[in-house]
**Student:** 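Starting off with a structure, shown below.
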Amino acid sequence: MTQAEIASIVAVLRRSPSANFLVFGLTHETLLFKALNYNGRTVFLDESEFLISRLEQQHPGIEAYDVQFTTRVSQMSGLIKSARDQIKTECRPVQNLLFSECKLALNDLPNYIYEVDWDVILIDGPRGYFPAAPGRMAAIFTAGVLGRSKKGGGGDGKTHVFVHDIDREVERICSEEFLCEENLVETVDSLGHFVMQSMERDSVEFCRNTTKPSPTATRKTIDMN
């Protein structure tokens with residue numbers, strides 16, 4: 001991350017001195033984010049069991065879990081179509097993802113993850129930089145649902161969601177689909193900053209603007225080699 005991107009996240013954490021902070025991806029900034037949120041709870045999720053194990057061994061006080069991301073970058077268009085088709089059922093914007101059968105839902109995280117009111121969510125993983133790699137579609141969808149399902153409490157029911165590499169295709173399209181342009185408050189270099197408001201349980205739309213192009217129409221050709 002650039003210094004400007006880090007500063008954007010730091011500014012939000014400083015306004016929330018005891019934040020619940022959920023981070024997708026282990027990066028060079030992992031220990032920094034943990035230190036900055038010293039009065040809050042910071043949880044890291046990553047695709048690498050090895051990196052998680054090494055981090056826990058070197059820093060016993062850190063809370064981190066490995067996650068199996070089963071969706072691939074090349075599957076984005078089909079997954080978005082499936083989510084649109086099931087938006088009133090399995091892929092609705094307000095729900096407990098532990099019980100969801102939506103293809104984009106991460107439903108095998110530690111159970112308490114779904115009960116916490118997350119104040120800040122950062123998506124900087126999984127890798128997502130080639131077609132067969134685990135994509136960030138599920139992380140972005142899951143963040144969108146967690147933010148909208150927040151019960152209230154601190155922050156007036158709002159959740160800050162940061163998406164790194166938002167200039168990449170998957171991150172851009174999925175953020176538009178599940179985090180929504182009307183919630184984008186800032187873009188700093190390659191970091192998008194969204195503020196999500198909790199919604200009613202019977203909500204069936206992620207965004208106010210529901211007229212969207214087909215994901216296949218907006219998608220660039222990905223080199224499969």
**Student:** Can a donor-acceptor pair be found between the side chains of T42 and N37 at a distance below 3.5 Å?
**Tutor:** yes
**Student:** For the pair R72 (side chain) and A132 (backbone), establish whether a donor and an acceptor sit closer than 3.5 Å, ignoring hydrogens and angles.
**Tutor:** yes
**Student:** Hey, what else clusters with Y38 if you join Ile, Leu, Val, Met, Phe, Trp, Tyr whenever side-chain heavy atoms sit under 4.5 Å?
**Tutor:** none
**Student:** Using a 3.5 Å distance criterion without hydrogens, assess whether the side chain of N183 forms a donor-acceptor pair with backbone atoms of F194.
**Tutor:** no
**Student:** Is the distance between the ring centroids of F141 and F206 less than 6.0 Å?
**Tutor:** yes
**Student:** Can you find a heavy atom in the side chain of F130 that is under 4.5 Å from one in the side chain of V73?
**Tutor:** no
**Student:** Would you please test L13 and D119 for side chain to side chain contact (heavy atoms under 4.5 Å, CB included) and show each step?
**Tutor:** CA-CA 9 Å; L13 290 175; D119 302 299; over 6 Å; no
**Student:** Is any side-chain heavy atom of V163 closer than 4.5 Å to one of L179?
**Tutor:** yes
**Student:** With M199, which residues qualify under side-chain contact (heavy atoms from CB on, under 4.5 Å), at least two apart?
**Tutor:** V94, R148, S203
**Student:** So does H164 get a backbone contact from the side chain of S190, meaning a donor-acceptor N/O pair under 3.5 Å?
**Tutor:** no
**Student:** Can you name the closest pair of heavy atoms from P134 and P126 and give their distance?
**Tutor:** O-CG, 3.5 Å
**Student:** Taking all atoms of both residues into account, what is the closest heavy-atom pair of R168 and Y129, and its distance?
**Tutor:** NH1-CB, 3.5 Å
**Student:** So does V161 get a backbone contact from the side chain of W118, meaning a donor-acceptor N/O pair under 3.5 Å?
**Tutor:** no
**Student:** Report the C-alpha distance between S53 and E49 in whole Å, list the side-chain angles of each, state the deciding distance to 0.1 Å, and finish with yes or no for side chain to side chain donor-acceptor pair (under 3.5 Å).
**Tutor:** CA-CA 6 Å; S53 176; E49 183 178 1; over 6 Å; no
**Student:** Quick one: CD on E63 to CZ on F21, what's the gap to the nearest 0.5 Å?
**Tutor:** 13.5 Å
**Student:** Measure across E5 and L191 and return the closest heavy-atom pair with its distance rounded to 0.1 Å.
**Tutor:** O-CD2, 3.4 Å
**Student:** What residues form a salt bridge (charged side-chain N to carboxylate O under 4.0 Å, His left out) with D124, not counting sequence neighbours?
**Tutor:** R136
**Student:** Donor-acceptor pair, distance only, cut-off 3.5 Å: does the side chain of S149 make one with the backbone of Q95?
**Tutor:** yes
**Student:** Can you see which heavy atom on F44 is nearest to which on G25, and at what distance?
**Tutor:** CD2-O, 4.4 Å
**Student:** Quick check: does any side chain N or O of D46 sit under 3.5 Å from a backbone N or O of L26, one acting as donor and the other as acceptor?
**Tutor:** yes
**Student:** Could you pull out all residues at least two apart from F50 that satisfy side-chain contact (heavy atoms from CB on, under 4.5 Å)?
**Tutor:** S48, R54
**Student:** What's the shortest heavy-atom distance between R92 and V145, and which atoms?
**Tutor:** O-CG2, 4.0 Å
**Student:** Hey, any chance F178 and V195 share a hydrophobic cluster, counting ILVMFWY side chains that come within less than 4.5 Å of each other, even indirectly?
**Tutor:** no
**Student:** Can you list every disulfide (SG to SG under 2.5 Å) pair that touches residues 2-107, not counting sequence neighbours?
**Tutor:** C91-C102
**Student:** Between OG of S74 and CG of L79, what distance do you get to the nearest 0.5 Å?
**Tutor:** 9.0 Å
**Student:** Do any N or O atoms from the side chain of T142 and from the backbone of L106 form a donor-acceptor pair under 3.5 angstrom?
**Tutor:** yes
**Student:** Run the salt bridge (charged side-chain N to carboxylate O under 4.0 Å, His left out) test against E47 and tell me which residues pass, sequence neighbours left out.
**Tutor:** R127
**Student:** Please lay out, stage by stage, how E177 and R84 fare under the test side chain to side chain contact (heavy atoms under 4.5 Å, CB included).
**Tutor:** CA-CA 9 Å; E177 187 77 21; R84 289 179 180 178; 2.8 Å; yes
**Student:** Mind listing the closest non-hydrogen atom pair of K151 and Y114 along with its distance?
**Tutor:** NZ-O, 4.4 Å
